[in-house]
Amino acid sequence: MVQARLRQTASRVITITSGKGGVGKTTVTANLSAALARLGKRVVCIDADIGLRNLDLILGVEDRIVNHIVDVVEGRCQLAQALIRHRAYPELYILPAAQNRDKTAVSPAQMIRIADELRLQFDFILIDSPAGIERGFKNAVAPADEVLIVTNPEVSAVRDADRIIGMIELLEKRPPSRLIINRVKAEMVKRGEMLSAEDVTDILSIELIGVVPEDETVLIAGNRGMPELNSRSGHAFMEIARRLLGENVPHTYHNASQGFFKRLTRLFTGSGTRQGSVFDE
Amino acid sequence: MSSFWERLLGRRNQVGSSSVAKQRLQLVLVSDRSELSPEIIQRMKDEIIAVISKYVPIAHDKVEINLEQRQRDNWLVADIPLLRNTQRNAPVQSSAESSTPEDA
Ligand SMILES: Nc1ncnc2c1ncn2[C@@H]1O[C@H](COP(=O)(O)OP(=O)(O)OP(=O)(O)O)[C@@H](O)[C@H]1O
Ligand SMILES: [Mg+2]
């Protein structure tokens with residue numbers, strides 16, 4: 001059971017969405033939830049992808065689901081009876097989606113009610129949005145104080161992200177959106193064959209909160225059902241969590257000018273005269 | 001020697017597919033955000049030029065009308081240089097302006 005407690009600051013409802021499917025919303029929700037919990041915050045994540053639930057699997061709680069969000073909405077159980085506590089992160093809870101229902105089983109107003117009830121117990125309420133711009137997306141963004149837009153450095157994902165940002169700007173509440181660029185391959189960016197973080201931020205004109213590298217650990221962690229924060233992608237998620245908490249964490253991803261100066265110093269320290277060597281990392 | 005500068009400046013300054021991607025995205029987002037197709041945008045530009053040149057002679061070859069993104073807002077930005085008196089009277093200017101009321 002979740003105990004009521006006094007909190008110093010207001011809780012924050014953050015929706016993770018993208019437009020295009022498969023860009024990493026569930027991955028971001030799971031890892032960011034774990035990262036915030038590791039930083040001592042009380043976190044609950046809601047799987048709003050009704051009919052295609054996955055967050056439970058990625059967080060490794062799929063075998064402990066008793067009730068789900070539709071049971072709560074339809075009054076078959078109390079909200080607290082549907083929350084599952086994570087084994088490795090005692091500050092992290094999961095509210096699973098229903099697997100055998102569709103998105104219309106929950107309304108935006110009901111999502112707001114659930115989020116408001118969770119505000120009493122938690123510092124952070126993270127909502128994993130389904131792909132698309134339909135009902136499931138509308139449910140997921142209805143209670144949001146803030147939105148994190150996940151995209152990949154790839155033309156169709158960026159275009160869909162732009163569409164979603166435009167739709168969020170039209171919401172009555174107008175929650176601020178920030179950008180997470182996922183699956184960046186630094187080596188391809190260097191070759192000029194992948195949009196860089198600056199390119200994508202420039203095109204979408206919204207604030208960047210983090211860049212997550214392509215990392216096979218994500219898949220391995222998914223296999224195990226346990227987020228891995230001590231990895232390259234895990235460090236990126238820890239940084240995003242700290243930025244969410246208001247810390248000024250400088251971005252450390254590869255960028256053109258940084259690379260330029262690195263190359264420059266390498267050239268003049270004599271190690272860069274070999275053909276192609278200035279590109280080696 | 002050229003490879004020295006290439007290496008110094010990095011290959012990103014050459015044309016990789018990412019710069020093509022960026023350009024194409026910037027163009028398609030102008031249409032997406034304004035909900036105007038490239039065709040409609042072109043027609044609108046032509047009509048704007050036609051209307052203005054009904055009143056004042058303009059330097060058609062230097063006209064620039066573009067939909068631009070400033071932060072996340074759309075701006076219709078037009079640079080439409082007007083012809084000076086001396087240029088107006090020069091006979092070479094007549095090419096594109098069939099409807100200019102020069103007789104006024
Ligand atoms: N940084 C990363 N590095 C490598 N693989 C990743 C990364 N992020 C996500 N993936 C992989 O991409 C796939 C899709 O990720 P995920 O399920 O998080 O996307 P999603 O946006 O939630 O998808 P959907 O729209 O279907 O809900 C998964 O197989 C995941 O392992
Ligand atoms: Mg998902």
Side-chain angles (χ1 to χ4, degrees), chain A residues 19 151-170 177 179 184-185 187-207 254-268 272-280, chain B residues 1-49 51 62-81:
Chain A
T151 193
N152 297 153
E154 179 259 320
V155 286
S156 53
V158 174
R159 185 190 198 174
D160 290 357
D162 191 77
R163 179 88 201 281
I164 283 290
I165 296 165
M167 294 189 72
I168 288 160
E169 286 175 337
L170 295 177
S177 306
L179 183 66
V184 174
K185 296 182 184 172
E187 177 273 332
M188 278 190 80
V189 173
K190 265 188 228 168
R191 275 192 283 131
E193 303 293 2
M194 180 177 270
L195 288 165
S196 68
E198 292 95 327
D199 288 337
V200 178
T201 311
D202 206 24
I203 293 165
L204 295 175
S205 312
I206 63 166
E207 190 189 326
H254 169 89
N255 69 44
S257 53
Q258 201 183 10
F260 175 83
F261 286 111
K262 217 186 279 168
R263 284 193 290 273
L264 198 67
T265 40
R266 215 161 315 154
L267 269 175
F268 290 105
T273 44
R274 189 163 40 89
Q275 175 69 33
S277 63
V278 288
F279 296 111
D280 302 342
Chain B
M1 199 58 203
S2 75
S3 74
F4 169 83
W5 287 110
E6 270 171 30
R7 271 183 285 140
L8 186 63
L9 297 171
R11 283 180 206 168
R12 290 216 56 203
N13 293 7
Q14 298 170 16
V15 182
S17 62
S18 71
S19 48
V20 180
K22 187 173 184 183
Q23 256 174 4
R24 290 179 58 223
L25 273 166
Q26 277 167 331
L27 283 175
V28 77
L29 292 185
V30 166
S31 298
D32 283 3
R33 289 178 189 175
S34 62
E35 289 175 41
L36 296 169
S37 70
E39 225 180 279
I40 298 286
I41 293 173
Q42 188 54 48
R43 204 189 304 163
M44 178 176 72
K45 284 185 197 175
D46 292 344
E47 283 179 32
I48 290 170
I49 294 170
V51 166
K62 297 194 187 94
V63 169
E64 273 193 46
I65 303 177
N66 291 309
L67 267 172
E68 282 180 13
Q69 311 289 322
R70 297 192 183 168
Q71 291 310 320
R72 293 196 51 84
D73 295 321
N74 285 317
W75 285 63
L76 181 69
V77 181
D79 276 321
I80 306 176

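The nearest pair of heavy atoms linking A/Val155 to B/Ala21 is CG1-CB, 3.7 Å.
Under a cut-off of 6.0 angstrom, the local environment of CZ in A/Arg163 is sparse, with at most 12 non-hydrogen atoms contributed by other residues, nucleotides or ligands. Counting heavy-atom neighbours within 6.0 Å of B/Lys45 NZ, excluding the residue itself, gives a total above 12. Within 6.0 Å of the CD atom in B/Gln26, the count of heavy atoms belonging to other residues, nucleotides or ligands exceeds 12.
For B/Arg33, the part lying near chain A is the side chain, with the backbone staying farther off; criterion is any non-hydrogen pair under 4.5 Å. Contacts between A/Glu169 and chain B at a heavy-atom distance below 4.5 Å involve the side chain alone, from C-beta outward.
At distances below 3.5 Å, at least one donor-acceptor pair connects side-chain atoms of A/Ser205 with backbone N or O atoms of B/Gln71. Panel note: side chain A/Glu193, backbone B/Ser17; a donor-acceptor pair is recorded below 3.5 Å. Under a 3.5 Å cut-off, the side chain of B/Arg72 and the backbone N or O of A/Leu204 do form a donor-acceptor pair.
The distance from the CG atom of A/Asp202 to the CG atom of B/Leu25 is 11.5 Å, given to the nearest 0.5 Å.
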